[in-house]
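What follows is a set of notes on a single structure, which appears directly below.
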Amino acid sequence: MSEGRDKKGGAAAVSGNPRAEELLAKMDELRQAERLSVARGVGSFMAHELGTPLQVIQVRAMMLVSGEVTGEAAVKSAKSIVEQTARMTSILNEMLAVVRRNGEAGAVDLLEVAKAAMELASVGARARKVRVELDPSSGSAHVTGERTKLLQVMLNLIANGVQASEEGGTVHLATRTVLRSPRYDPKGPPEKLASVEVRDAGCGIPKELFQQIFKPFFTTREAGDGAGLGLAIAHSIVKDYGGWIDVESDVGKGSRFTVYLPRGAT
Ligand SMILES: Nc1ncnc2c1ncn2[C@@H]1O[C@H](COP(=O)(O)OP(=O)(O)O)[C@@H](O)[C@H]1O
Ligand SMILES: [Mg+2]
């Protein structure tokens, strides 16, 4: 059962409506499936990212043990082992943060999460010959939330951008603090908000589908290619945090999804 649903008492609110109950149960099941697919991505990322430093460490250590290198060369080998181990430790910490299920909500910098999301998504993107890049104009954008969930929002948006892109395309990420009127009061005084933008120059989305795409199970992909839950999950997480997602898109030109969230403690 999903944590958002527990907190909000969603199940209670729909009790008595078997279809809604069934849909929520299905949502939970599919959220679970999304988690699995994140876990699979993490698995291939780990095999890829940890394999190389491990090999370096093994070769260097063998050179030391065999006495093949001595003096300054030995120190160099030892330093390389220290560096590679540090790299592996930071990768493992990253993985832990992804895999932990019910993290505490806390102060999170969207810039830091965007960097992690980029790295995680880049393995799958590379397979499709698409690049994922962070706009150099990106800056810190602090919010209060659960890091894993915010990471999931970004991963879902990036995955869509990658899927929409042609070979050789680039998905851009940007994190910012922006001044904007709140969505419920578009003429109201602008507030400082944290934002993350994911844009692609891919196939684009017809205007008449803008409302549909956030609905659970809405997908234009072939059976088995997408459950139609990526945006529904992203939307439900962002909404839980008091934010919203804007979409701009032109068919044939590309799409821009912008997540707005209230700013949290820095
Ligand atoms: N960046 C994008 N470019 C083009 N179409 C998109 C993009 N993001 C979402 N879509 C459309 O929205 C639909 C729903 O997306 P999503 O909820 O992530 O489910 P899924 O990716 O499993 O289809 C997609 O099937 C696609 O038609
Ligand atoms: Mg998707």
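Along the sequence shown, residues carry numbers from 1. The basis for the numbers below is simple: all heavy atoms, side chains too, and nothing from hydrogens, waters or symmetry mates. Both ligands and their constituent atoms are indexed starting at 1 by order of listing.
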Protein-side N, O or S atoms sitting under 2.8 Å from the Mg ion (ligand 2) are N160 OD1
Provide the closest heavy-atom pair for P262 versus V143 in the form atom of the first, atom of the second, distance. O-CG1, 3.6 Å
Under a 4.0 Å threshold between the charged nitrogen and the carboxylate oxygen, would K253 count as salt-bridged to D200? no
Measure the distances from the heavy atoms of [X] to every atom of ligand 1 and state whether one is below 4.0 angstrom.
{"X": "G202", "value": "no"}
{"X": "L229", "value": "yes"}
{"X": "F214", "value": "no"}

Can you name the atoms of ligand 1, numbered from 1 with element, that are less than 4.0 Å from a heavy atom of [X]?
{"X": "I213", "answer": "11 (C), 12 (O), 14 (C), 17 (O)"}
{"X": "G204", "answer": "4 (C)"}
{"X": "G230", "answer": "16 (P), 17 (O), 18 (O), 19 (O)"}
{"X": "A164", "answer": "2 (C), 3 (N), 4 (C)"}

Any chance the side chains of R183 and Y260 put a donor and an acceptor closer than 3.5 Å? no
Donor-acceptor pair between S140 and D109 side chains, under 3.5 angstrom: yes
Connected via hydrophobic side-chain network under 4.5 Å: F214 and V198: yes
Are V59 and M88 connected into the same hydrophobic cluster when the rule is that any two of I, L, V, M, F, W, Y join if their side-chain heavy atoms are below 4.5 Å apart? yes
Answer yes or no: does an N/O atom from G228 fall short of 3.5 Å to an N/O atom of ligand 1? yes
Quick one: side-chain contact (heavy atoms from CB on, under 4.5 Å) partners of V251, sequence neighbours excluded? P206
With sequence neighbours excluded, tell me which residues meet salt bridge (charged side-chain N to carboxylate O under 4.0 Å, His left out) with R60. none
By side chain to side chain donor-acceptor pair (under 3.5 Å) - contacts of S80 (at least two apart): none
